[in-house]
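So the structure is just underneath, and the comments pick up after that.
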There are 2 protein chains.
Amino acid sequence: MLVKRDTAIHEVDQTAPIGPQVRRALRERIIRNDLKPDQKISESEIAAQYGVSRQPVREAFIRLSDEGLVTILPQRGTRVCRIGLAAVRDARFIRESIEADITRLLADGQGADHVDEFRGLIDAQRRAADTDPVEFIRADEAFHRAMADAVGKGGLWRKVQSLKSQMDRVRFLALGQFPVRKLIDQHAAIVDGIAAGDADGAEVALRHHLREVLSDLPHIVRTNPDFFDAATDGAEDQIVKLKGGETV
Amino acid sequence: MLVKRDTAIHEVDQTAPIGPQVRRALRERIIRNDLKPDQKISESEIAAQYGVSRQPVREAFIRLSDEGLVTILPQRGTRVCRIGLAAVRDARFIRESIEADITRLLADGQGADHVDEFRGLIDAQRRAADTDPVEFIRADEAFHRAMADAVGKGGLWRKVQSLKSQMDRVRFLALGQFPVRKLIDQHAAIVDGIAAGDADGAEVALRHHLREVLSDLPHIVRTNPDFFDAATDGAEDQIVKLKGGETV
DNA sequence: GCTACCATACTGCCATACAAGTAGACAAGG
DNA sequence: CCTTGTCTACTTGTATGGCAGTATGGTAGC
């Protein structure tokens, strides 16, 4: 039977698999804070919005639940998770550890071949710096991803993306509040270290860079208290001591 | 209506949510190589085995697909993935990066408080060394996890567990073939470095330890060729240069 | 004997219906 | 006013039916 889809708010491609489409769409809406924390979303409600049945939506919910973006309470409902401070810090810690090693690989190995590429991506960030914050985030993402690709660890990047969701939510929450200039300069410092073959220097620069968010985090939490979970921030997280001895 | 479940091979608790149960059961069977790579499994077949409907099984498949344990071919079937060499190496790389930082935290910070605990876990490994390989794996797991817990990064451990699935399959495949003595000695070396507050030494010891599997991997692949994907092993993966200059 | 075709029996995907449980409104009784 | 029981309108969980696409095995034609 032909169902009238004119009540659908959002569009889906009826020929392609629907479940993954809904999943991507919802993921995007949550990260961009279109769907806000604690907001209740039901399978039937979303199904109606997209003009599909409950089943694909349900599958999307399950996957989002694995990502920690929604919590499914059996027989009670599903709602968007608050941003877990612990999850953000864990994701940041993982990212620093991995990218530190990647940076060392680049500095010690044939990273010099990619220096021009990296500098080009940094230029793109400069162009987007003051105009479009979203574009800057994309450029930033591209830069870090390029470093992973350069050492053949691109697949790894995709695997940890689900862990990065919470970090991404923070970034979109603080859109335009980032010290873009400083971040770009830090990127440049990393590449300089790589170009010079200075593994220690490049690593310190990268760790320093990825810790920038830590200093901004308290302010962001204070500004948007009801976006974060009530986890008492007593458990200050540990930070690896930098080689230079500075504690940031 | 009471349905007769006497045709069910495996049991499930009909009161608790079924999907997660099936998921855990299948995950276990795959990792323990009860379900072998390339083996085709269908929703209806598994559903019949557990005496449930296809829907929960489908949800289990989806989650296992996210973990990279099965591949769902639309309209064609679902089969157990071969062990992806790239995935194994990626997981190992991530693990080395993270645990290297954790080790540094322990050596630089209050890791000394936990040295006795770590040594106790190593003793447990010694006891299980020659008797029960499975128990040794559990003890090994407990040791590494304890280090993460000691610096408040225990939650992180759970998050990367899905990435570790492929590594775990390798471990169960090579049950009893591991150089247990050597591994235990390496554990001891790591703890010694922590106890001495020697961050560099402890880190090198840990990286050395986690690279042990790399030397065993080719042999394991040769012995069980049809458990691994046909990815031509041409792309040798990059390894971070150790501080001491040794390349393992 | 060999090849091309086709019927059939699968597969996973989607939609729908039913079941089980919860939250909240609301009225009756203390 | 407060408590309590019930009833309704939700929620997610499970089961089932139908659909479109694919692999396979048998068969007709050469």
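Labels below follow one simple rule: chain letters A, B, ... track the order of the sequence lines, proteins then strands, and each chain is numbered from 1. The model shown is predicted, which means the values in this text are computed figures rather than measured ones.
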Quiz item: So, B:Ser65 side chain and B:Phe61 main chain: donor-acceptor pair closer than 3.5 Å or not?
Solution: no
Quiz item: Atom CZ of B:Arg63 to atom C1' of D:dG13: distance rounded to whole Å?
Solution: 13 Å
Quiz item: Quick one: B:Ile18 CD1 to D:dA15 P, roughly how many Å, whole number?
Solution: 5 Å
Practice problem: Please tell me which of the listed nucleotides, C:dT16, D:dA23, D:dT12, lies nearest to the side chain of A:Ser42? | Solution: D:dT12
Quiz item: Tell me, which pairs form a side-chain hydrogen bond (donor to acceptor under 3.5 Å, both in side chains) where one or both residues lie in residues 77-88 of chain B, sequence neighbours left out?
Solution: B:Asp38-B:Arg82
Quiz item: Any side-chain N or O of B:Ser44 less than 4.0 Å from the OP1 or OP2 oxygen of C:dT11?
Solution: yes
Quiz item: Of all heavy-atom pairs between A:Ala100 and A:Leu206, which one has the smallest distance, and what is that distance?
Solution: N-CD2, 3.5 Å
Quiz item: Atom CZ of B:Arg58 to atom C1' of C:dA15: distance rounded to whole Å?
Solution: 12 Å
Exercise. Salt-bridge test for A:Arg138 and A:Glu141: reply yes if a basic N is under 4.0 Å from a carboxylate O, no otherwise.
Key: no
Self-check item: Sugar-phosphate, base or nothing in reach of B:Ile62, heavy atoms under 4.0 Å
Solution: nothing
Exercise. Only counting residues at least two apart or in another chain, list the ones meeting side-chain contact (heavy atoms from CB on, under 4.5 Å) with B:Ala25.
Key: B:Tyr50
Quiz item: Which value, rounded to the nearest 0.5 Å, describes the distance between A:Arg29 atom CZ and A:Arg24 atom CZ?
Solution: 15.0 Å
Practice problem: Please determine, for the side chain of B:Glu59, which listed nucleotide (D:dT14, C:dG12, C:dT22) has the closest atom? | Solution: D:dT14
Quiz item: So, for B:Ile62 and A:Arg63, which heavy atoms are closest and what is the spacing to 0.1 Å?
Solution: CG2-NH1, 3.1 Å
Between N or O atoms, less than 3.5 Å apart, protein on one side and nucleotides 6-8 of chain D on the other: list the pairs.
none

Quiz item: Which nucleotide sits closest to the side chain of A:Gln55: C:dG21, D:dT14, C:dC13?
Solution: D:dT14
Quiz item: In whole angstroms, how far is the P atom of C:dT11 from the CD1 atom of B:Ile41?
Solution: 12 Å
Quiz item: Mind checking whether B:Glu59 and A:Arg58 have side chains closer than 4.5 Å, heavy atoms only?
Solution: yes
Quiz item: Does anything in residues 66-73 of chain A reach DNA chain C, meaning a heavy atom under 4.0 Å, and if so which residues?
Solution: none
Quiz item: What is the distance, rounded to the nearest whole Å, between atom CD1 of A:Ile46 and atom P of D:dT11?
Solution: 11 Å
Quiz item: Taking C-beta and beyond as the side chain, do B:Leu163 and B:Asp90 meet within less than 4.5 Å on heavy atoms?
Solution: no
Quiz prompt | Distance test, side-chain N/O of B:Ser53 to OP1/OP2 of D:dT14, below 4.0 Å | solution = no
Quiz item: Could you state the OH-P distance from B:Tyr50 to D:dT14, rounded to the nearest angstrom?
Solution: 15 Å
Quiz item: Among residues 21-30 of chain A, which contact DNA chain C at a heavy-atom distance under 4.0 Å?
Solution: none
Practice problem: Determine, stepwise, if the pair A:Arg171 / A:Asp140 fulfils salt bridge (Lys or Arg N to Asp or Glu O under 4.0 Å). | Solution: CA-CA 11 Å; A:Arg171 296 209 289 186; A:Asp140 177 87; 3.0 Å; yes
Quiz item: Nearest to the side chain of B:Arg76, which nucleotide is it out of D:dT14, D:dA23, C:dT16?
Solution: D:dA23
Exercise. Locate the shortest heavy-atom distance separating A:Phe228 from A:Val170; write the atom from each residue and the value.
Key: CE2-CG2, 4.1 Å
Practice problem: Mind calculating the distance between CD (B:Glu43) and C1' (D:dA15) to the nearest angstrom? | Solution: 13 Å
Practice problem: Starting from C1' on C:dC14, measure out to CZ on A:Arg54 and report it in whole angstrom. | Solution: 13 Å
Self-check item: Qualifying residues under ring pair (Phe, Tyr, Trp, His ring centres under 6.0 Å), relative to B:Phe143, sequence neighbours excluded
Solution: B:His187
Quiz item: Less than 3.5 Å between a donor and an acceptor, one on the side chain of A:Gln75 and one on the base of C:dT22, is that the case here?
Solution: no
Quiz item: Looking at the side chain of B:Val52, which of C:dT16, D:dA15, C:dC13 is the nearest nucleotide?
Solution: D:dA15
